[in-house]
Peer 1: 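One structure is given below, represented as structure tokens, and several questions about it will come after.
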Amino acid sequence: MAEPATATQAAAPAVPQLKDELDIVIPTIRNLDFLEMWRPFFQPYHLIIVQDGDPSKTIKVPDGFDYELYNRNDINRILGPKASCISFKDSACRCFGYMVSKKKYIFTIDDDCFVAKDPSGKAINALEQHIKNLLSPSTPFFFNTLYDPFRDGADFVRGYPFSLREGVPTAVSHGLWLNIPDYDAPTQLVKPLERNTRFVDAVLTIPKGTLFPMCGMNLAFDRELIGPAMYFGLMGDGQPIGRYDDMWAGWCTKVICDHLALGVKTGLPYIYHSKASNPFVNLRKEYKGIFWQEEIIPFFQQIVLPKDCTTVQKCYIELAKQVKEKLSKVDPYFDKLAEAMVTWIEAWDELNPTGSSVTNGKAK
């Protein structure tokens, strides 16, 4: 069975890439002892910690990290009435960290994710691999059978159109997990002992027009290119659904990336996911989503965004409009979600006024 690396096995890179251009966002309800294992890789970077749950509880962060910590009181103070768009008692609260960051790139990780080892036993610097993914182009318009052609030792195969070999900017890097897989509750229930020990040494671009189930526990993205679409929805306390926060953000983000000619990569890097959540608790959170997704996914598959949607914000407002028009028949929750999507964009633009007019390329 795969085991996590130890702190002594993890060697920091000589010169940390994007040290002043990347924030690490961590949602949590507990002390962040897990950071000790990540210290060689994370310590040069700024952390944004979003504390969920009881704001009177004191969260302890190991010494030596540069961080800012926000709890629910801070969210209410900063956003005022618009704080209603940030979920409570759910890891979806992490997207508040995306909003208050001022860096170009974001890496987000859960507090039960440890440093994994590759098949040779070497500790994996997940952040370094995410940065490689984000800084190299994506190829969503034609699939390369050698996967990522921009990786060392790979290239475009015979028959790949030369006109498409420049690629497009990569907006999202989606990493994977060893040990505890990211399963839904029914799959957890029938496979309680299953562990992922298979390390696949590959990165690929998800093709245009193809949706995917995005997991938020090991994720990086270009905040300037796609940040306003990384809204993790209304989940948790007071909502009829949970554990679909990253799914929702992934569906919205992929549709917008396809429209704006941006890329999404998945595969490396791996982290070691250490804790299996309770499948019965998960089922209670997920059960409506399990039914709803059979209508939500066709909705996203059929979306066409107008050509005048030339920014992420314009795309997202249009998505909110279509959610209200077409998903409200599924459940009244989607009316509330559509309104929260608009509130999210308004709050984003208030905190990031210079980013509200950024154009991310021509609509495809």
Side-chain angles (χ1 to χ4, degrees), residues 1-13 16-18 22 24-27 32-43 45 47 91 94 105-136 138 146-148 150-154 170-184 187-188 191 193-206 212-222 246-247 249-250 263-277:
M1 183 182 296
E3 295 181 354
T6 65
T8 56
Q9 290 174 313
Q17 283 186 289
L18 305 179
L22 183 144
I24 299 173
V25 174
I26 305 168
L32 294 181
D33 300 326
F34 91 114
L35 284 174
E36 287 295 353
M37 176 175 284
W38 288 101
R39 185 182 291 276
F41 304 136
F42 288 2
Q43 193 160 358
Y45 296 89
L47 311 182
S91 65
R94 79 177 79 218
Y105 300 100
I106 295 287
F107 170 55
T108 185
I109 187 170
D110 285 359
D111 60 13
D112 60 353
C113 294
F114 298 153
V115 178
K117 291 185 287 189
D118 67 18
S120 73
K122 180 182 178 184
I124 297 169
N125 183 349
L127 183 52
E128 182 179 51
Q129 179 65 50
H130 275 301
I131 290 170
K132 285 181 181 178
N133 293 347
L134 290 171
L135 294 184
S136 64
S138 291
L146 273 182
Y147 303 115
D148 192 343
F150 300 99
R151 183 175 176 178
D152 291 343
T170 299
V172 180
S173 171
H174 178 257
L176 300 175
W177 352 265
L178 294 172
N179 197 38
I180 306 294
D182 186 31
Y183 285 162
D184 54 35
T187 309
Q188 281 183 293
K191 294 184 174 182
L193 301 180
E194 184 156 292
R195 300 293 181 264
N196 181 35
T197 59
R198 188 175 62 157
F199 180 98
V200 180
D201 188 10
V203 176
L204 64 151
T205 297
I206 301 174
F212 75 111
M214 188 175 83
C215 175
M217 75 171 85
N218 176 24
L219 180 72
F221 59 93
D222 187 321
D246 41 9
M247 298 293 126
V264 177
K265 292 187 176 186
T266 188
L268 301 179
Y270 282 88
I271 50 84
Y272 184 92
H273 185 209
S274 68
K275 187 174 63 178
S277 49

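None of the values given here were measured: they were computed from a predicted structure.
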Peer 1: Does the side chain of Arg151 reach to within under 4.5 Å of the side chain of Asp201, using non-hydrogen atoms?
Peer 2: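 Of all side-chain heavy-atom pairs linking Asp201 with Arg151, at least one is under 4.5 Å.
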
Peer 1: Side-chain contact test, heavy atoms from C-beta onward, threshold under 4.5 Å: evaluate it for Pro181 versus Lys191 and give yes or no.
Peer 2: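 With C-beta onward as the side chain, the pair stays apart.
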
Peer 1: With a 3.5 Å distance limit and no angle check, can you tell me whether Thr108 reaches the backbone of Val25 through a side-chain donor-acceptor pair?
Peer 2: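 Yes.
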
Peer 1: Report yes if the side chains of Leu176 and Asn196 come closer than 4.5 Å at any heavy-atom pair, otherwise no.
Peer 2: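 Leu176 does not reach Asn196 side chain to side chain.
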
Peer 1: Measure the spacing between CD of Glu36 and CZ of Phe42 and express it to the nearest 0.5 Å.
Peer 2: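 Rounded to the nearest 0.5 Å, the CD-CZ separation comes out at 12.5 Å.
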
Peer 1: Scan side-chain atoms only and decide if Asn125 and Gln129 contain a donor-acceptor pair under the 3.5 Å cut-off.
Peer 2: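 Result is no, nothing qualifies.
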
Peer 1: If I take atom CG from residue Leu178 and atom CZ from residue Phe114, how far apart are they, to the nearest 0.5 angstrom?
Peer 2: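 Between Leu178 CG and Phe114 CZ, I get 14.0 Å after rounding to 0.5 Å.
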
Peer 1: Give a yes or no answer on whether the side chain of Asn133 reaches the backbone of Leu268 with a donor-acceptor pair at less than 3.5 Å.
Peer 2: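 Such a contact is found between Asn133 side chain and Leu268 backbone.
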
Peer 1: Once you round to the nearest 0.5 Å, how far does CD1 of Ile180 lie from CG of Asp182?
Peer 2: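 Nearest 0.5 Å value for the CD1-CG distance: 11.0 Å.
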
Peer 1: Can you confirm whether Gln188 sits close enough to Ser277 that some side-chain heavy atom of one is under 4.5 Å from a side-chain heavy atom of the other?
Peer 2: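 Yes, at least one pair of side-chain atoms sits under 4.5 Å.
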
Peer 1: If you measure from CG on Asp112 to CE on Met217, what distance do you get to the nearest 0.5 Å?
Peer 2: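 Between atom CG of Asp112 and atom CE of Met217 there are 6.5 Å.
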
Peer 1: Taking only residues two or more places apart in sequence or in another chain, which ones pass ring-ring contact (aromatic ring centres under 6.0 Å, His included) with Tyr270?
Peer 2: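 So Tyr270 forms a ring-ring contact (aromatic ring centres under 6.0 Å, His included) with Phe199.
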
Peer 1: Of all the heavy-atom pairs spanning Leu134 and Ala220, show the shortest one and how long it is.
Peer 2: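 So the two residues come closest at CD1-CB, 3.9 Å.
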
Peer 1: So, for Ala116 and Ala5, which heavy atoms are closest and what is the spacing to 0.1 Å?
Peer 2: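 What the structure gives for the nearest pair is O-CB, 4.1 Å.
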
Peer 1: Could you check whether any side-chain heavy atom of Thr170 comes within less than 4.5 Å of a side-chain heavy atom of Asp222, counting everything from C-beta outward?
Peer 2: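 Heavy-atom side-chain distance check fails, nothing below 4.5 Å.
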
Peer 1: Between Tyr105 and Leu135, is any pair of side-chain heavy atoms under 4.5 Å apart?
Peer 2: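 Side chain of Tyr105 against side chain of Leu135, heavy atoms only: contact under 4.5 Å found.
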
Peer 1: Identify the heavy atoms of His130 and Phe107 that sit nearest to each other, and give their distance.
Peer 2: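 Heavy atoms only, the tightest pair is CD2-CE1, 3.4 Å.
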
Peer 1: Donor-acceptor check, side chain of His174 to backbone of Cys215, threshold 3.5 angstrom: yes or no?
Peer 2: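 Pair found, side chain donor or acceptor close to backbone of Cys215.
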
Peer 1: So how far is it from Leu35 CG to Ile26 CD1, rounded to the nearest 0.5 Å?
Peer 2: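 That separation rounds to 4.5 Å.
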
Peer 1: If you compare all heavy atoms of Phe41 against all heavy atoms of Leu127, which two are closest, and at what distance to 0.1 Å?
Peer 2: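 Answer, listing the atom of Phe41 first, then Leu127: O-CD2, 4.2 Å.
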
Peer 1: How long is the gap from CD1 on Ile24 to CD on Gln43, to the nearest 0.5 Å?
Peer 2: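 One gets 10.5 Å once the value is rounded to the nearest 0.5 Å.
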
Peer 1: Do the non-hydrogen side-chain atoms of Trp38 and Val115 ever get within less than 4.5 Å of each other?
Peer 2: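 They are in contact (side-chain heavy atoms under 4.5 Å apart), so the answer is yes.
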
Peer 1: Got more than 12 heavy atoms from elsewhere within 6.0 Å of OH, Tyr147?
Peer 2: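 No, OH of Tyr147 has 12 or fewer neighbouring heavy atoms, counting only those of other groups under 6.0 Å.
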
Peer 1: Between the side chains of Asp110 and Lys275, is the shortest nitrogen-to-carboxylate-oxygen separation below 4.0 Å, so that they form an ion pair?
Peer 2: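 Not counted as a salt bridge, because no side-chain N and carboxylate O are separated by less than 4.0 Å.
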
Peer 1: Between Ser136 and Lys265, what is the shortest heavy-atom contact and its length?
Peer 2: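 Nearest pair, atom of Ser136 first, then Lys265: OG-NZ, 2.6 Å.
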
Peer 1: Do Ile109 and Asn218 have side chains that get closer than 4.5 Å, going by heavy atoms?
Peer 2: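 No; the side chains remain at least 4.5 Å from each other.
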
